[in-house]
Amino acid sequence: MKIKYVDIITKEKIEEFKKGNSLDSYKFLGNHKVKHNGKNGISFSVWAPKASAVYLVGDFNEWNETSHPLKNIDNSGIWSIFTNELKEGDVYKYNVVGCDGVSRLKSDPYGTFSELRPKTASIVYESKNYKWKDKKYLDKKKNKISNQEPMNIYEAHLGSWKRKWDGGFFSFEELYEMIEYVKDMGYTHIELMPIVEYPLDMSWGYQSVGYYATTSRHGKPHEFKAFVDKCHEYGLGIILDFAYSHFCKDIHGLYKFDGSPQFEYKDPLKAENLGWGTVHFDLGKPEVNSFLLSNVMYWFKEFHIDGIRVDAVSSILYLDYDIGDWRPNQYGGRENIEGINFLRRLNEVVYKNIENPIVIAEESTSWPMVTAPTYLGGLGFSYKWNMGWMNDTLKYMELDPIYRKYHHDLITFSFMYAFSENFILPLSHDEVVHGKKSLLDKMSGDEWQRFASLRLLYSYYMVHPGKKLLFMGSEFGQGLEWRYAYGLEWELLEREQHIKMKDFVRDLNYLYKDEKSLYEIDNSYEGFDFIDPHNEEQSIVTLMRKGKDENEFLICVLNFTPVVHYDYNVGVPYLGEYEEIFNSDDEKYWGSNQTMKKDTLHAIDEKWHNKPYHIRIKVPPLGATFIKMKKRYKGNV
């Protein structure tokens, strides 16, 4: 039976959706306030191609499972109903009678708001009337070249940054406190672990159910828009995490939506993720492409976010990423062809439609050209998390300093590939959970040494090429590993060493933003130089970061043992006067104060390593000193 199209659904839009080319399917699928045949009401539309029937149910009809049937528009697989019986705030679901004859109550895949777990119904909601105030921020962002700007990301989980005394969640508005805190700490961006709707707290949001809905744990969608607006008011970019590789199998979600593998692969060897207890999106299905590409556009365009991080990219790239059996592709290889094509297309769509976007890959293997343009055969991401750097560095820092000289390559090898991709250095949530211990607790030695080593780790991380990411709580030396159900250990800030650690990270963050050499040339050897990487006997690394101006450079000496070195020779490129501008061992950071605060360091006209001149400095124990040219003598080259 043919029906008239509701105004927002056209034949062209349906065809575009079915071909996998829809980038705004959220504008006609889901629930929308519309005028139809002269009447105001709400249209409810859902894609369920193999369903034998679909009904709208909710409080409005006392959950009668058959009283409000949707009609299959021209047998397209898109079902729709127009009604004036529901209003804003009403709950609803779809009773989907599957091709297997089983009725399943499903929440709306395009629903923008949901009940708080354990309830699972969708809620009629539209926030089109939100008035944005971030034009000035967006205009300023248009003119920036992102890879030449500082990027220092504070990664946060909204549910456990702070938690109410009764276990309740802070609202988006109450979390403005976090925005003010992050701004004060000198970060440039906030990255939020998934804020889309998800049923199980312990999945942290990575097993999602409502890709278009902000989780009701913290408030309504327009309140999250105001949160993003507040970030932009403070000059902070906002990045959101998404799991486009897999989704959870909860019965009210996407799993077997129409009784068949609708969103997931039909082949169980490709569909099932045995390790995670989830299923993979069928990235070769056109309608799934429309669902996910529209989702990316939804968050960028409707919520003004600055970037996304795509979680678990490796599980999209490889057919054998999961445990268990797998089936090779048509060429006999382990690569997921449609997954690769989807990732390339996702990045092409984002870059074509969004001004200066950030698209980050969490890719844990050595897949080549993750951040290379798609027209060169790359995947097209803006940045990739540098997991190799992270693993080697943390392994090195856990060693007793007496053994570090035997593993010196762990701290220097990453410089050999530092420019093979556009990297972000992640000290993320994944490294401080599941028995891995907090970053502070990973450090070896007594309490003083652990705090000194953590300051040294952060100094090394800041001077190493690549953008930065630090997980919440690490900035003040969280003692326990991260617990998703509890707030951070803010009470530790009553102790001197934690207050001073927080002060250290804040000062280091501002140093990063102030010194162009630390970010201006981040993706090329032109912005980096080793002065002495080979002093494994003393476990000291000396390197230099360079800006576009030849006089804009910073020398950093990193000492990974608790031994002070006096009159230590450091090569420099020019004759002149040098000064220490930052020292991780400063007493104001709970260090032993082996600094050169008031010293002027005069360059000596004598070659040292690969530099024509050198200075003599004091090297702090388990510490880093940052040295800058104060005055360059005229005449020398």
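At distances below 3.5 Å, not a single donor-acceptor pair connects side-chain atoms of Ser171 with backbone N or O atoms of Gly219. Glu191 contributes no side-chain N or O that, together with a main-chain N or O of Ile239, makes up a donor-acceptor pair within less than 3.5 Å. Checking side-chain atoms of Ser314 against main-chain N and O of Ser364 turns up a donor-acceptor pair under 3.5 Å. Side chain of Gln207 to main chain of Trp276: a donor-acceptor pair is present (N/O by atom type, distance under 3.5 Å, no hydrogens or angles). Distance alone, capped at 3.5 Å, is enough to place a donor-acceptor pair between the Asn329 side chain and the Glu335 backbone. Between the side chain of Lys50 and the backbone N or O of Gly259 there is no donor-acceptor pair closer than 3.5 Å. Proximity of a side-chain donor or acceptor of Asn386 to a complementary backbone N or O of Leu425 within less than 3.5 Å is not detected. With Asn289 contributing its side chain and Gly20 its backbone, the two residues share no donor-acceptor pair below 3.5 Å. In this structure, the side chain of Ser25 does not engage the main chain of Ser22 through any donor-acceptor pair within 3.5 Å. Here the side chain of Tyr94 pairs no donor or acceptor atom with the backbone of Arg104 at under 3.5 angstrom.
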Decide yes or no on side chain to side chain contact (heavy atoms under 4.5 Å, CB included) for Glu272 and Lys249, but give the supporting numbers first.
-> CA-CA 10 Å; Glu272 293 288 333; Lys249 296 167 70 173; 3.1 Å; yes
Assess whether ring-ring contact (aromatic ring centres under 6.0 Å, His included) is satisfied between Tyr26 and Tyr110, documenting all intermediate values.
-> CA-CA 6 Å; Tyr26 59 88; Tyr110 283 85; 7.9 Å; no
Evaluate the side chain to side chain contact (heavy atoms under 4.5 Å, CB included) criterion for residues His280 and Asn336: first the C-alpha distance (whole Å), next the side-chain angles of each, then the deciding distance (0.1 Å), finally the verdict.
-> CA-CA 12 Å; His280 293 127; Asn336 184 354; over 6 Å; no
Residues Trp47, Phe263; criterion ring-ring contact (aromatic ring centres under 6.0 Å, His included); working and verdict | CA-CA 10 Å; Trp47 173 57; Phe263 286 91; 5.2 Å; yes
Begin from the C-alpha positions of Ile308 and Phe300 and carry the test side chain to side chain contact (heavy atoms under 4.5 Å, CB included) through to its verdict.
-> CA-CA 9 Å; Ile308 66 170; Phe300 272 111; 4.0 Å; yes
List the steps, then state whether salt bridge (charged side-chain N to carboxylate O under 4.0 Å, His left out) holds for Glu302 with Lys27.
-> CA-CA 11 Å; Glu302 302 298 321; Lys27 291 184 177 180; 5.1 Å; no
Residue pair Trp385, Val313: steps toward the side chain to side chain contact (heavy atoms under 4.5 Å, CB included) verdict = CA-CA 11 Å; Trp385 273 17; Val313 166; over 6 Å; no
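Each of Ser208, Ser216, Ser122 was compared with Glu197 under the side-chain hydrogen bond (donor to acceptor under 3.5 Å, both in side chains) criterion, and only Ser216 meets it. Tested against Asn347 for a side chain to side chain contact (heavy atoms under 4.5 Å, CB included), the candidates Val310, Val296, Val359, Thr371 yield a single pass: Val359.
Considering all non-hydrogen atoms of both residues, Ala361 and Val370 come closest at CB-CG1, 3.8 Å. Taking every heavy atom of both residues into account, Asn61 and Ser67 meet most closely at ND2-OG, 3.1 Å. When all heavy atoms are compared, the tightest approach of Tyr212 to Pro109 is CD1-O, 3.5 Å. Between Lys220 and Thr214, the closest heavy-atom pair is C-OG1, 4.0 Å. Between Met178 and Leu158, the shortest heavy-atom distance links the atoms CE-CD2, 3.7 Å. Minimum interatomic distance between Leu319 and Pro328 (heavy atoms only, all atoms of both residues): CD1-C, 4.0 Å.
Two residues are said to be in side-chain contact when any heavy atoms from C-beta on lie closer than 4.5 Å; Ile238 and Val228 meet this criterion. Two residues are said to be in side-chain contact when any heavy atoms from C-beta on lie closer than 4.5 Å; Met472 and His157 meet this criterion. The closest side-chain heavy-atom distance from Gln262 to Leu254 is not below 4.5 Å. At a threshold of 4.5 Å between non-hydrogen side-chain atoms, the residues Ser80 and Ile9 count as touching. Here the side chains of Glu155 and Leu192 are not in contact, with every heavy-atom distance at 4.5 Å or above. In this structure the side chain of Glu16 never reaches within 4.5 angstrom of the side chain of Ser290, judged on heavy atoms. No side-chain heavy atom of His218 sits under 4.5 Å from any side-chain heavy atom of Phe224. Under the 4.5 Å side-chain criterion, counting only non-hydrogen atoms from C-beta, Glu88 is not in contact with Ile42.
Side-chain atoms of Glu363 and Thr365 form a donor-acceptor pair, as typed in the model, at a separation below 3.5 Å. Remark: the Asp306 side chain and the His189 side chain contain no N/O donor-acceptor pair separated by less than 3.5 Å. In this model, a donor atom of one side chain and an acceptor atom of the other lie less than 3.5 Å apart for His222 and Tyr125. Between the side chains of Thr120 and Ser107, no donor N or O sits under 3.5 Å from an acceptor N or O. Judged purely by distance below 3.5 Å, without hydrogens or angles, the side chains of Asn295 and Tyr244 pair a donor atom with an acceptor atom.
For Lys13 and Phe28, the positive end is not near the middle of the six-membered ring at less than 6.0 Å and at most 45° from its axis. A cation-pi geometry, defined here as NZ or CZ lying under 6.0 Å from the six-membered ring centre and within 45° of its normal, does not hold between Arg309 and Tyr383. Under a cutoff of 6.0 Å and an axis angle of 45°, Arg163 and Phe169 form a cation-pi pair.
With values rounded to the nearest 0.5 angstrom, Thr66 atom OG1 is found 6.0 Å from Tyr55 atom OH. Note that the CD1 atom of Ile316 and the CG atom of Asp311 stand 8.5 Å from one another [nearest 0.5 Å]. Atom NE2 of His252 is separated from atom CG of Asp250 by 5.5 Å, given to the nearest 0.5 angstrom. Separation of atoms CG (Asn84) and CG (Asn40) is listed at 9.0 Å; rounding is to 0.5 Å.
Salt-bridge check for Glu115 with Lys93: failed, with every basic side-chain N at 4.0 Å or more from each acidic carboxylate O. One finds no salt bridge joining Glu264 and Lys256 here, because no Lys/Arg side-chain nitrogen approaches an Asp/Glu carboxylate oxygen to under 4.0 Å. The existence of a salt bridge linking Glu174 and Lys162 is excluded, since no basic side-chain nitrogen approaches an acidic carboxylate oxygen closer than 4.0 Å.
A centroid separation of 6.0 Å or more is found between the aromatic rings of His68 and Tyr92. Between Tyr255 and Phe247, the gap from one ring centroid to the other reaches at least 6.0 Å. Residues Phe303 and Tyr130 keep their aromatic ring centres 6.0 Å or farther apart. Ring to ring, Trp482 and Phe471 are close: their centroids are under 6.0 angstrom apart. Ring centers of Tyr198 and Tyr206: at least 6.0 Å apart, outside the cut-off. Not less than 6.0 angstrom separates the ring centroid of His232 from the ring centroid of Trp132.
Around CG of Asn129, the count of heavy atoms belonging to other residues, nucleotides or ligands within 6.0 Å does not exceed 12.
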